[in-house]
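Reading through the structure tokens given below for one structure.
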Amino acid sequence: MPSNAEAAELFRNIADLLDVLGERFKPEAYRRAARSIETLTEDLERVSARGELGTIPGVGEAIAEKIREYLQTGTIPYYERLKKEVPPGVVEILRLQGLGPKTARRFWVELGIEGPGELADAIAAGRLDSVKGFGPRKIELIREALAAARAAPGGAARMPIDQAYPVAERIVRALRERSRLDRVEIAGSFRRRRETVGDLDILVTSEEPEKVFDTFSALPEVAEVRLRGGTKETCILSNGLQVDLRVVEPGAFGAALQYFTGSKDHNVQLRTIARDRGLKVNEYGVFRDEERVAGRTEEDVYASLGLAWIPPELRENRGEIEAAAHGTTPLLVGESDLVGDLHVHPPESATASDIDRLLSEAQRRNYAYVGLVVGGLRGDDRAWSLAPSALARLDGLGAKGLRVFRCLETGPDGSLPSLPVRSPDYAIARPTRRSGAPGASRSDEIPVRLIAHLSGGNAESAESARRWVDFARAASAAVEVGPGPERFDSNWARVAREAKVRLAIPTGLDAGPGDPCLPIALGFARRAGAQAADVVNAGPGPTSPRRRLTSGR
DNA sequence: GCCGTTTTCGGCCCGACTGTTTTCAGTCG
């Protein structure tokens with residue numbers, strides 16, 4: 001079945017081909033449509049069936065027609081025609097680091113070079129030496145780009161945010177320790193809490209940019225300095241992640257933070273609004289003619305455009321700017337709203353003192369309750385439960401304002417084993433990739449309160465994730481959002497929100513300090529526009545999970 | 001190719017950095 005991701009890639013390919021053919025504005029139009037299609041929470045098929053393709057930002061009549069062709073036949077005649085005009089290798093050259101459409105086209109048209117292999121041969125034969133615009137340094141860069149492409153076909157992949165998070169934290173800590181910095185922020189898709197990040201954009205204010213760059217370049221994680229100027233340095237880490245470090249002056253910090261947080265489409269929309277008001281927005285501030293009218297803080301920047309400040313997680317040009325103009329930006333759930341955790345997973349071998357440690361951490365955070373997994377079915381379908389001593393430790397707990405729930409995790413088909421656990425409070429359904437739909441459960445005996453570890457990031461499981469959301473709604477259960485390849489991603493958190501299914505945010509109670517689970521899960525929920533009332537383990541108010549849980553039994 | 005209470009035609013973000021230049025083009029984000 002054709003997927004949105006495939007359609008988006010197809011339009012990106014069309015954009016590349018148009019680039020090489022020398023088109024001016026069409027490539028960006030196709031890329032914009034591709035970005036919009038990628039962030040849809042619904043299959044194109046459904047949108048098309050309603051006749052609403054034209055409502056997708058960046059999709060007009062021409063691209064809508066191509067989407068319909070693609071859905072019906074799996075191909076787009078226009079794309080097939082373009083592919084016949086351009087040798088496939090020319091597009092590969094276009095995708096080399098540091099090379100763009102102009103250069104790829106020149107190689108193709110002027111020198112008859114139709115692929116990376118021919119380009120390498122041409123360099124070896126010295127054919128580029130006499131070509132205008134190609135000095136020794138540039139030829140060397142092309143040689144390096146060819147080698148990099150051979151080493152990593154398809155280019156550097158985006159990194160899951162839970163992998164990038166600890167790296168980012170380490171770099172920021174090291175920069176703070178080793179040079180005098182006033183402010184440090186990580187911008188980009190990291191700050192917007194996308195599931196994956198392409199690079200890290202770090203902004204700092206400092207009187208001594210040179211020293212900051214020296215410090216940064218000398219960090220053990222840094223494998224290569226790609227470029228360095230007066231305000232910006234780009235490095236590649238040994239794990240392949242690219243990091244851009246920018247030094248900005250304090251009066252422009254808010255403007256730079258706004259600018260480099262993006263998203264691109266959000267910024268384009270802001271600049272359009274600015275232009276309509278006779279203003280200009282760039283990374284140095286908001287300007288009326290020569291005068292800077294805002295820039296020190298992000299709040300100033302948005303206010304100067306008549307907008308309320310917009311949380312980074314919402315900046316995807318999906319209606320958040322209109323909401324900010326009308327004062328209807330939602331008050332998103334925050335860490336301080338969390339009042340407990342429904343899904344804390346002690347290790348199978350946990351002792352009574354391990355349990356005590358978990359619970360005292362919960363008390364330190366002023367949580368009202370903790371749901372402890374005390375047994376269930378493992379991934380290999382074998383039953384497990386906590387040791388009797390640990391289970392015994394749970395009896396008689398619950399004083400001092402902390403309520404402890406005992407819960408069981410189901411197997412992939414929803415089944416629960418018989419376990420020596422007295423009156424469990426609820427079950428956590430734990431789908432896996434091989435379980436296409438919720439199976440029979442003992443929900444008549446134990447209510448299912450949570451769907452956890454739901455995978456939904458990839459196209460083939462999209463429909464199964466939707467079925468789990470439906471199941472959650474029918475069972476009055478919440479759906480857990482969190483990082484990791486087997487977890488529910490933020491697009492699916494939006495699907496749950498649209499279906500009026502509550503989210504649950506894992507708090508990392510069972511992990512050590514510095515664990516990225518909580519900030520990332522919180523970010524995913526916020527990307528879905530979740531307010532405290534939409535999150536089952538956030539309070540206060542009549543929607544408090546504690547009340548829901550106790551009244552439901 | 002898209003888009004619009006300035007426009008249904010004529011715009012389309014803009015600045016840093018690099019290399020090859022003698023004033024700028026290409027790429028990137």
Side-chain angles (χ1 to χ4, degrees), chain A residues 11 14-15 17-36 53-67 76 78 82 93-107 128-142 144-145 155-156 187-190 197-203 209 213 225-234 242-248 252 255-256 258-287 317 325:
Chain A
F11 284 124
I14 291 178
L17 290 165
L18 291 169
D19 249 341
V20 174
L21 288 169
E23 287 281 355
R24 283 276 274 139
F25 297 104
K26 285 186 192 180
E28 196 44 38
Y30 277 97
R31 289 197 181 97
R32 196 155 96 81
R35 286 195 299 273
S36 278
L53 288 174
T55 65
I56 300 170
V59 175
E61 194 33 56
I63 291 184
E65 178 55 29
K66 292 180 176 68
I67 292 174
I76 298 174
Y78 179 64
L82 289 177
I93 291 177
L94 160 77
R95 290 174 183 163
L96 293 173
Q97 174 68 37
L99 298 189
K102 297 278 170 34
T103 314
R105 183 174 171 78
R106 274 192 72 191
F107 285 156
L128 255 53
D129 298 347
S130 54
V131 179
K132 193 161 181 272
F134 290 90
R137 177 73 185 133
K138 192 152 207 164
I139 290 172
E140 180 55 30
L141 286 174
I142 294 172
E144 285 173 15
S189 53
F190 182 89
V197 298
D199 62 8
L200 290 178
D201 293 297
I202 304 180
L203 300 182
F213 292 153
V225 178
R226 182 160 285 174
L227 58 88
R228 176 165 170 173
T231 63
K232 171 185 170 179
E233 179 171 56
T234 295
Q242 177 172 321
V243 183
D244 294 335
L245 178 63
R246 289 183 169 82
V247 178
V248 302
Q258 193 290 313
Y259 183 89
F260 289 110
T261 297
S263 68
K264 185 184 173 114
D265 292 325
H266 177 91
N267 285 357
V268 167
Q269 184 71 15
L270 281 193
R271 286 191 288 266
T272 304
I273 290 174
R275 207 181 48 220
D276 293 348
R277 291 177 159 238
L279 299 168
K280 190 178 79 169
V281 183
N282 58 28
E283 62 262 57
Y284 300 107
V286 182
F287 296 86
N317 195 27

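So you know, we letter chains A, B, ... as the sequences are listed, proteins then strands, and number each from 1. This is a predicted model, so every value here is computed, not measured.
Using a 4.0 Å heavy-atom cutoff across all strands shown, A:Y284 reaches sugar-phosphate atoms only and no base atom. Note on A:R271: a base of the nucleic acid sits closer than 4.0 angstrom, heavy atoms only. A:F11 comes within 4.0 angstrom of no nucleic acid atom, judged by non-hydrogen atoms across all strands. No engagement by A:P27 is indicated, since no non-hydrogen atom pair under 4.0 Å with the nucleic acid exists. Using a 4.0 Å heavy-atom cutoff across all strands shown, A:R24 reaches no nucleic acid atom at all. At the heavy-atom level, A:Q242 lies under 4.0 Å from the strands shown only through sugar-phosphate atoms. Contact annotation for A:K232: backbone-only contact, meaning every heavy-atom pair under 4.0 Å involves sugar-phosphate atoms and none involves a base. Contacts of A:T103 with the nucleic acid, taken as non-hydrogen atoms under 4.0 Å apart, involve only primed sugar atoms and P, OP1 or OP2. Residue contacts shown for A:R246 are absent, as no nucleic acid heavy atom lies under 4.0 Å away. Among the atoms of the strands shown, none is found under 4.0 Å from any heavy atom of A:T272. Here A:K280 lies in heavy-atom contact (under 4.0 Å) with sugar-phosphate atoms only. Across all strands, A:E28 comes closer than 4.0 Å to no nucleic acid atom at all (heavy-atom distances). Across all strands shown, A:G188 has no heavy atoms under 4.0 Å from either base or sugar-phosphate atoms.
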What's touching nucleotides 6-10 of chain B from the protein side, N or O pairs under 3.5 Å?
none

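As rounded to whole Å, 13 Å separates atom C1' of B:dG15 from atom NZ of A:K264. Between A:L99 atom CG and B:dG26 atom C1' the separation is 10 Å, expressed in whole Å. Atom CG in A:L141 sits roughly 20 Å away from atom P in B:dA25 (whole-Å rounding). Per the geometry, CG belonging to A:N267 stands 17 Å off P belonging to B:dC12, to the nearest Å. For the pair A:E61 CD and B:dC3 P, the interatomic distance rounds to 11 Å; values are reported in whole Å. The nearest whole Å value for the distance from the CZ atom in A:F287 to the P atom in B:dC14 is 12 Å. Atom-to-atom, CG of A:L128 to P of B:dT20 comes out at 11 Å; the value is rounded to the nearest Å. When the C1' atom of B:dG4 is taken as reference, atom CD1 of A:I273 falls 14 Å away, rounded to whole Å.
Looking at A:Y259, its side chain comes within 3.5 Å of the base of B:dG29 through a donor and an acceptor atom.
For A:I63, the side-chain atoms get nearest to B:dC2 when compared with the rest of B:dC17, B:dG29, B:dC2.
Looking only at side-chain heavy atoms (C-beta outward), A:R32 and A:F11 stay at 4.5 Å or farther from each other.
Between A:K26 and the phosphate of B:dC12, there is no side-chain N or O to OP1/OP2 separation shorter than 4.0 Å. For B:dG15, the OP1/OP2 oxygens have a side-chain nitrogen or oxygen of A:N282 closer than 4.0 Å.
Look at B:dG19: its Watson-Crick or wobble partner, with both distances under 3.5 angstrom, is B:dC24.
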